[in-house]
Amino acid sequence: MTSENDLALAAGPPSAADRYRRASRWARVRMHPAGPVGIMFSGLLLGCIVMALLFPSDFVFLASANLKLILRTVPNYGMIALGVGILLVAGEYDLSVGAVYVVTPFAMATAYTQGWPLPLAIALAFAIAAGIGLLNGLITLGFGIPSFITTLGMLFIVRTSAPFIVGYARSVNFTSPPWLKDTLTGSLGPVPMPFVWFLVLALVAYAFLNRHRTGNHVFAVGGDPKAARFAGINVFRTKLVAFMLCSVFATIAGIFSVVRLNTAMTNPQLFIELFAIAICVIGGLSLSGGRGSVAGIVLGACVLQLVQDVIILSRLPGFYLDMFVGIMIVLGVVINQVVRRKF
Amino acid sequence: MSTPAGPTNAELAALRRPAAGNPTWRAVRNYQAINIVVLVTLFLGFCTGYSLLYPDQLRFASLGNLSVLSQQVPVTAIVAIGVGLLMIGGEFDIAVAGTFTLVPFVVAITSAGSWGWPIGVSLLAGLAVALLIGLMNGMITTRLGIPSFIATLGTMFFMRGVIRFVSLNPTTKQPDNIAFFPGDALKALLGGQIIGPIYAQMLWLIGVALIGYALLNRHRFGNHLLLTGGNRDAAVAVGVPVRNVKVTAFMLCAVTAGFAGILQGVRINQVEPSFATISGLELKAIAAVVVGGTSLFGGRGAILGIILGAVLIETVDNILVLISAPETIFKGFLGATTILAVILNTVIGRRARR
Amino acid sequence: MALNTQIAFGLRSLAVATTALAAVAFAQPAAAEDAPVKVTFIQHCCSGATFFQPMQFGAELAAKTFNVKLTYVNADGDAARHANLIETAIADKQDAVIPTITVPDALNAAVKKARDAGLVVIAENIDHPDGGKGNAREAFVGQDFITSGKMIGDRMIKTHNLTEKDFCLLPVEFPELTYAVRRAAGVQLALKTKNIGSEMIGTGTVDAEALSTISQAILANPKITCIIGLGTTPTTVAPDAAAEAGRPGIPNGGFDTNPKIMKNIMEGKTTATMDQQPFWQGYLPVMFAAFEVRYGLHPADFDTGNNLIDKANGQKALQYGGTFR
Amino acid sequence: MANATDPASVPLFEARNISKSYGHVNALMDVNFEVRQKEVVGLLGDNGAGKSTLIKILSGVVNPDTGEFRRKGEKVDIGSRRRSEAAGIQTIYQDIALVRSMSIMRNIYAGREPTGPLGFLKMREMRTTSMQILENYVRIAGITSPDLMVEDLSGGQAQAVAIARAVHFKRDILLLDEPTSALSVRETEKVLAIMRELAEGGVSCVFVTHNLYHAFRVCDRFVVMAHGRTVKSVVKADTSLNELTDLIMTH
């Protein structure tokens with residue numbers, strides 16, 4: 001089997017690589033970063049469909065209104081999670097997304113109502129987002145402090161910045177031009193536009209992470225910053241890009257929300273940042289960086305929303321929604337671990 | 001452990017070259033929490049000095065204000081000590097606000113009305129619940145092998161539901177605040193005025209701090225904890241029961257949070273279910289702990305630093321009230337204080353070690 | 001004075017941020033005819049929430065009008081912090097303190113201490129359940145949650161002819177908060193007269209998520225024929241939620257005003273909202289406090305919450321949203 | 001000294017009069033070091049002898065206080081990692097400098113990805129080339145796909161990938177800093193064999209190790225260091241294992 005010249009480890013125990021070669025297609029699915037969450041999602045979906053067919057009047061899962069609703073809702077946290085996910089892969093946290101999600105669209109709406117042209121107002125939102133991301137990155141990397149702390153501080157600073165600048169907590173009517181509202185929140189055939197955009201953004205994130213040079217660098221700096229530096233990768237710049245992308249994705253999500261509701265408010269939208277991280281972890285991303293897939297994030301967002309939908313549709317007391325969400329988060333991560341470990 | 005990619009012996013020798021000054025000064029400089037000690041001393045000194053010079057402009061050092069601080073700071077600091085010990089062990093607890101709320105609920109419910117347990121038994125029951133919560137957090141984290149950040153995020157949401165359930169008012173079927181009047185003796189014990197602006201909470205803080213210090217610096221457990229948080233593999237290699245150490249730390253964290261919750265409940269005679277949801281105690285505690293020089297990644301931290309971190313955060317807040325700062329700026333200041341203090345800790349720390 | 005400035009300048013280099021703030025705060029208005037009345041105003045929760053804007057606007061307008069040095073602070077939904085803030089106001093030798101009595105037993109001692117120290121205490125927004133007999137606050141400016149809950153409930157029953165076949169969804173941000181509990185009790189008081197069932201659901205404060213949660217609840221329970229939002233977020237998104245659930249036009253109403261709610265009312269998407277007129281809750285207590293401290297005028301309770309807004313009287317609320325409304 | 005005009009005798013790489021001190025500690029004092037074509041040099045010495053500092057200087061991580069470098073007789077600057085790489089030097093560490101959570105292919109190209117317009121990766125090119133690399137430079141059994149994660153490889157396989165990467169990108173001097181100390185006996189044999197193959201194929205190796213037996217088996221020449229100086233440079237034919245051991249022990 002092995003010649004003298006060959007570097008095979010003939011008599012050693014089979015390495016994981018050997019096992020991979022022999023592994024079945026099924027095992028390869030489980031090994032994929034999005035494998036466990038994919039299995040979870042499929043199981044959940046299958047269960048929902050079966051239940052809906054068995055109890056069509058009590059469990060209206062398959063009603064087109066419900067399906068559309070799910071597709072409309074998944075992007076809320078999903079879009080934020082895409083950015084948070086990219087940053088997690090780079091090995092850093094961003095807790096400030098919850099504030100960015102509120103403040104940048106608020107700035108956009110304020111500028112727009114003050115007569116700025118819409119493209120300029122949108123550009124303003126993205127500029128502020130990029131600025132916040134840049135600041136997060138510069139403080140974290142420049143001083144070498146944990147991003148958890150930088151962005152925790154930034155969460156509070158950004159959250160209070162809008163009310164501080166305009167003097168009061170405010171809400172601004174944002175009546176966007178019909179074409180914008182239709183493109184962002186209308187529907188494409190039976191599929192709501194937010195979901196279409198979510199998939200488009202997911203594709204962009206995928207192209208960036210898996211097909212682009214900088215994405216490759218993001219994986220490297222998150223997986224092993226020392227090895228990345230050794231390979232000549234500019235760790236500082238790569239992480240900075242990831243920080244900025246994270247804020248930008250939060251802003252996109254915020255703009256969708258504002259267009260959908262026709263209003264921008266300074267109300268703190270509590271716990272968004274934690275949900276975004278939960279989605280990523282359910283989707284198979286590692287909190288210590290370097291691992292994960294965009295498919296995992298998309299499926300993670302779907303799973304979280306599906307579970308919430310199931311809880312409400314099955315008429316469990318909505319009063320205790322939080323409780324089920326909590327169980328779900330832990331369970332999701334546990335399933336992730338178990339499925340992977342079985343390999 | 002040899003790490004060939006690390007510094008060479010020559011470099012290490014260079015690092016070990018004697019620092020200037022006498023040994024006492026060196027010991028002070030090498031103390032882990034020295035930055036925060038200096039920072040808090042300067043800040044408090046400035047505030048006290050200013051308020052003594054111009055008592056009409058800044059009433060920081062007035063009896064009334066110090067009384068408020070001496071009742072509030074210990075509560076935050078006690079929570080922070082638990083969170084800090086856990087963080088030294090390399091883990092987070094996002095669910096402390098839930099524990100902080102649920103435990104006094106248990107005490108208040110079991111000690112009154114149809115339950116009517118003696119207060120001592122109720123207190124023990126409350127602390128037992130805290131231990132259970134800590135055990136749950138610890139088991140989920142260590143046995144199921146999921147990050148504590150996520151595990152306790154889950155239990156945070158879970159406990160909100162539990163709190164809503166236990167706080168249901170039997171007549172209105174709605175969650176409700178519960179009055180908590182545990183009797184004068186306990187009130188004096190847990191929240192009485194000792195002398196001047198010194199309240200019983202201060203003594204309890206000192207007690208908890210001493211226990212925390214003894215555990216962390218004078219007990220085998222502390223050594224295990226530092227090792228577990230600092231270098232898990234090394235800890236396993238030398239036979240430290242890493243999982244048990246972490247579970248114990250989770251339980252300590254929950255017990256301190258629950259105890260602080262009881263202190264709070266005794267002081268304000270009431271327990272509110274909403275506290276678990278909107279207080280943001282978990283982030284405030286983490287902020288206090290890292291401001292106090294504790295490493296977010298575990299393995300490094302000092303009890304005094306953690307307490308001073310809580311002192312700094314609460315005092316900054318207090319000063320902002322006293323100078324009539326705009327309401328919108330408060331949380332922003334908490335954020336800025338956190339970032340700046342941690343920058344100060346790391347940068348000065350790095351320079352001192354250089 | 002010069003010495004003062006010099007010292008302040010020197011210390012500024014010690015702690016730049018703190019001193020900068022201090023400098024702003026210490027800059028007293030030059031030689032007013034009367035010394036300004038010092039008032040601490042405590043908002044009980046939720047920094048940044050738009051509901052409180054008219055309240056803060058009112059408080060600051062009154063402060064400007066009546067020469068009041070206003071300290072506007074937020075208790076972040078923490079009763080202990082609320083008590084601290086009252087005691088800090090006492091220590092800071094304020095003339096008056098204006099708290100929200102969210103957690104009565106927690107604040108009784110502090111309120112009494114403030115009265116004993118000679119401060120004027122006027123409650124706003126939320127009162128002690130036993131009113132003036134409950135603790136030592138002198139007056140209350142705010143909405144009676146239970147009464148107002150009953151009013152919006154009655155209005156929804158009347159306008160939409162609700163009967164015992166109907167079922168009401170009561171979405172609210174956080175079901176365990178005082179306002180939610182008491183408003184729900186009021187609404188249910190009205191619903192009980194017609195034997196109408198109801199169900200509460202927690203939505204959180206994230207608008208987009210609240211929207212989805214309410215729509216899903218409507219889908220899940222076809223019995224639901226009426227929505228009464230118990231707080232700003234659910235009231236804001238209720239009509240959109242009904243539309244997204246494929247049942248536009250479900251009668252809906254709720255509490256509070258903001259530009260979006262007013263727009264919905266004017267467009268006929270929302271039946272009515274209970275306006276608790278937060279402007280008054282900011283303006284009046286500050287004015288009362290200033291007048292009592294300066295002239296010894298005694299304040300009185302003032303119910304701000306009986307203003308039911310619908311399409312007929314909503315124009316002004318839309319026009320002055322964010323300031324007076 | 002060799003005749004500079006004779007190309008065969010010009011060393012591939014030379015470091016002359018290198019000194020480096022950290023504070024009051026002199027890590028290197030006036031060290032001369034050279035690597036010739038097609039040879040494996042063993043860099044030996046006890047802890048603190050200055051080996052690691054020398055390796056760090058050669059790989060561009062640390063700058064010397066004094067000294068100069070020549071490649072094939074021409075003066076070169078190796079003051080940064082990039083310049084050191086440009087001078088043909090690549091370093092392999094004991095803790096294999098690969099990102100464990102990334103695939104072999106992505107590791108091979110980390111930092112020098114072939115890209116099309118807008119910086120998008122040429123995936124097909126990357127895949128075929130990396131498979132060729134794995135097959136040509138160091139035949140590594142058990143590696144069936146360039147998409148395998150490095151963490152799924154054994155230590156020897158991973159070290160082989162690191163070496164293959166270094167060789168592919170036209171480096172003709174490999175610095176191997178304790179490359180075998182984390183490996184099993186069997187894997188160590190493979191890595192030693194790779195070193196010999198590389199030297200014969202034109203890639204000179206500098207082998208830093210504590211293990212004199214290993215060194216004696218693969219090296220053509222030995223440089224012994226002690227207290228920041230080179231004590232002796234000797235070809236294999238002129239020495240013995242015992243002599244080398246004595247040299248290290250006595251200094």
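Hydrogens, waters and symmetry mates play no part in the numbers below; they use all other heavy atoms, side chains included. Model, not experiment: these values are computed from the prediction.
Within the 6.0 Å centre-distance limit, the rings of B:Phe149 and A:Tyr93 are counted as a close aromatic pair.
A 4.5 Å side-chain heavy-atom check between B:Phe158 and A:Val325 finds every atom pair outside the cut-off. Counting only heavy atoms from C-beta outward, the side chains of B:Arg164 and A:Asp322 approach each other to under 4.5 Å. Side-chain contact between B:Phe297 and A:Phe148 is absent, with no heavy-atom pair separated by less than 4.5 Å. Using a 4.5 Å cut-off on side-chain heavy atoms (C-beta onward), A:Leu270 and B:Thr277 make no contact. B:Ile343 places none of its side-chain heavy atoms less than 4.5 Å from the side chain of A:Thr150.
Heavy atoms of B:Ile146 lying under 4.5 Å from chain A belong to its backbone as well as its side chain. Looking at A:Leu331, neither its backbone nor its side chain comes within 4.5 Å of chain B, counting heavy atoms on both sides. Using a 4.5 Å cut-off between heavy atoms, A:Ile149 touches chain B through backbone and side chain atoms alike. Of the atoms belonging to A:Val333, heavy atoms from both backbone and side chain fall under 4.5 Å from chain B. With a 4.5 Å cut-off on non-hydrogen atoms, B:Met156 touches chain A through its side chain but not through its backbone.
Counting non-hydrogen atoms of other residues, nucleotides and ligands closer than 6.0 Å to CZ of A:Phe236 gives a total above 12. A 6.0 Å sphere centred on CZ of B:Arg243 holds more than 12 heavy atoms belonging to other residues, nucleotides or ligands.
Between B:Ala151 and A:Val330 the shortest heavy-atom distance is O-CG2, 3.7 Å. Nearest heavy atoms, B:Val342 versus A:Pro146: CG1-CD, 4.4 Å. Of all non-hydrogen atoms in B:Ile150 and A:Ala278, the two that sit nearest each other are CD1-CA, 4.1 Å.
With B:Phe157 as the partner, the side-chain contact (heavy atoms from CB on, under 4.5 Å) test is satisfied by one option alone out of A:Ile327, A:Ile329, A:Leu274: A:Ile329.
Comparing B:Gly154, B:Ser295, B:Ala287 by how many heavy-atom pairs each has under 4.5 Å with chain A, the most go to B:Gly154. Highest contact tally toward chain A, considering only B:Leu153, B:Val162, B:Thr338, is held by B:Leu153 [criterion: heavy-atom pairs under 4.5 Å].
Relative to the ring axis of A:Phe271, B:Arg160 places its NZ or CZ within 45° and under 6.0 Å from the centre.
Separating the CD1 atom in B:Ile163 from the CE atom in A:Met323 is a distance of 11.0 Å, to the nearest 0.5 Å. Here A:Ile145 contributes atom CD1 and B:Leu296 contributes atom CG; the two are 10.0 Å apart, rounded to the nearest 0.5 Å.
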